[in-house]
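Before any comments, here is the structure.
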Amino acid sequence: MEEYLKNYIGGEFLPPDSGNYLENPNPATGKTYSYIPDSQASDIDKAVAAAKNAFPAWSKSGTQFRYEVLNRIADLIGENLEAFALAESMDSGKPVSLSRSVDIPRAQSNFRFFATAILHFSSESHNMEGQAINYTLRQPFGVVGCISPWNLPLYLFSWKIAPALAAGNCVVGKPSEITPMTAFLLSKVCKEAGLPDGVLNIVHGLGPSAGQALVEHPDVKAISFTGGTNTGRHLARTAAPMFKKLSLELGGKNPNLIFADCDFEKMMAETMRSSFANNGQICLCGSRVYIQRPIYDKFKEEFVARTKKLVVGNPLDAPTNQGAVVSKSHFEKILSYVALAKEEGGKVLAGGHAVQLSGENEGGYFIAPTIIEGLPETCRTNQEEIFGPVVTIQPFDTEEEAIVLANSTEYGLASTVWTSDLNRAHRVAEQIQAGIVWINCWMLRDLRTPFGGVKNSGVGREGGLEALRFFTEPKNVCVKFH
Ligand code: NAD
């Protein structure tokens, strides 16, 4: 039966004021399987009012209470792992094996991590010898907005909500309209976990209407946003004159630098993952792969052979490596970039086309994992974010050249370096313009570390204490000695 999702406002499950709904298709079938509220400014107004109302009690509830509630939410996500994993897969087209092993466990960890982190959060004091002492209070803002994208839906939504709530804020969250289902399931879990009404409100709808209204609302003091660079730019323009605190996690075009002295087998296994995990629709995926010339041919042969063996299929089937890409428009965008790459002189070594499945997946949006070579770093294919199962490969000779190539785009989110030379590893890491450098690994995440990008990949850092600092306002109190 087709389901109509509800907004979660003030602890109630409400239809949108307008009564209008948006279709929510399953990208693996192309068929609409649920409907989501097409919320407008009036729904956001209600959610902000509910959050404002809940704030005094929540912010004074004490860290132990907040720890217990957030921990219960983590427990319930774990108890409902299968339902969450299936919903994530149906919404996004990713293999259910991936949402079961990565997305949902990580969303659970996000709540667990920040539930406990708040118990350890402390602030500074500054002593003025013999005169006075200053101490810093870290106080929650009140109402904050959390806006998330479709690629890691619950994983990234919870990455914002959990620290915001732990720090004592009340939240209005706007999940991506393309993947709303797990956020809806989360609202049910929050109710069951005993999260007080109004502390978290989840409003579904489109970016330019519901999202924009949230950013514009005068009672929303801080916005944590993850999404595209252009949306981030627009958001910054809207929020800056209102002096809102902003965290912007934006697009990327991440380089992999593979030196000839690396552990070839480990590098190859991880490069497969960093190229094609979740169809390349992870902001951390490497999309420009640079290989030192002595191993270029060996790399190319093995990489192409392994890529051609990846199984593109129904996300619910166990052998599937590559599910559907997230939507029809994204499918068309990715294929248009493959066409552009060919126009720019690129040679397609693997994939480069849509995959037509049969049966219930006949109308789904499947693309063969694609490798392209022969393109200069200045071309659009190597400069613009494709965010699909498409990587380019290119040889380099020297370390200096590799660094120039790595830094040759407007982005600076993540990067990967493969080498057995310890000195080189550190030297290169220092010179790469990126918020994250992985050496001899990829997407190995410690939730305490700062997470975010430089250049057009964003402003601010998430993760660990950085997130708790973002979601609190420091206040200095100076006490003079008599
Ligand atoms: P998007 O920018 O289109 O949308 C992101 C969110 O913003 C959605 O919830 C959308 O509804 C909302 N939105 C759109 N317009 C808005 C507006 N005017 N006001 C307020 N909200 C608005 O991004 P997407 O296509 O959902 O996600 C893919 C992008 O996200 C890629 O560029 C990817 O690199 C990026 N991303 C970055 C990170 C990171 O940590 N840096 C992580 C994941 C994804």
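Both counts, for ligands and for their atoms, begin at 1 and track the order of listing. Everything quoted here is computed from the prediction, not taken from an experiment.
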- prompt: Of all the heavy atoms in S148, does at least one lie under 4.0 Å from an atom in ligand 1?
  reply: yes
statement: heavy-atom search around atom 7 (O) of ligand 1 in the protein gives F225 CE1, 3.2 Å
- line: Among non-hydrogen protein atoms, atom 12 (C) of ligand 1 lies closest to I147 CG2, 3.7 Å
- prompt: Where does N151 meet ligand 1, judged by heavy-atom distances below 4.0 Å: at the side chain, the backbone, both, or neither?
  reply: side chain
L156, portion touching ligand 1 at heavy-atom distance under 4.0 Å: side chain
- prompt: Which residue from G228, G207, G205 reaches closest to atom 22 (C) of ligand 1 through any of its heavy atoms?
  reply: G207
query: Any side chain to side chain donor-acceptor pair (under 3.5 Å) pairs touching residues 81-92, not counting sequence neighbours?
result: N24-D91, Y33-D91, E82-R100, E88-T182
query: Ring centroid separation for Y21 and Y35, is it under 6.0 angstrom?
result: no
- line: atom 37 (C) of ligand 1: closest protein heavy atom, distance to 0.1 Å, is L250 O, 3.1 Å
- prompt: Who's the nearest protein heavy-atom neighbour of atom 35 (C) of ligand 1, and how far?
  reply: G227 O, 3.2 Å
Under 3.5 Å: donor-acceptor pair, side chain of N256, backbone of S415: no
field: Residues that F299 engages under ring-ring contact (aromatic ring centres under 6.0 Å, His included), provided they are two or more places apart
entry: F303
query: Under 4.0 Å from ligand 1, counting heavy atoms only, is it the side chain of E462, its backbone, both or neither?
result: neither
- request: Give a yes/no on ligand 1: does S176 have at least one heavy atom closer than 4.0 angstrom to it?
  value: yes
task: Report, in ascending order of atom number, the atoms of ligand 1 lying under 4.0 Å from any heavy atom of L413.
output: 41 (N)
task: Just need the protein heavy atom nearest to atom 19 (N) of ligand 1, so name the residue and atom and give the distance.
output: Q212 N, 3.4 Å
task: Check the pair Q383 / E410 against side chain to side chain contact (heavy atoms under 4.5 Å, CB included), numbers first and verdict last.
output: CA-CA 8 Å; Q383 289 293 319; E410 65 178 273; 5.7 Å; no
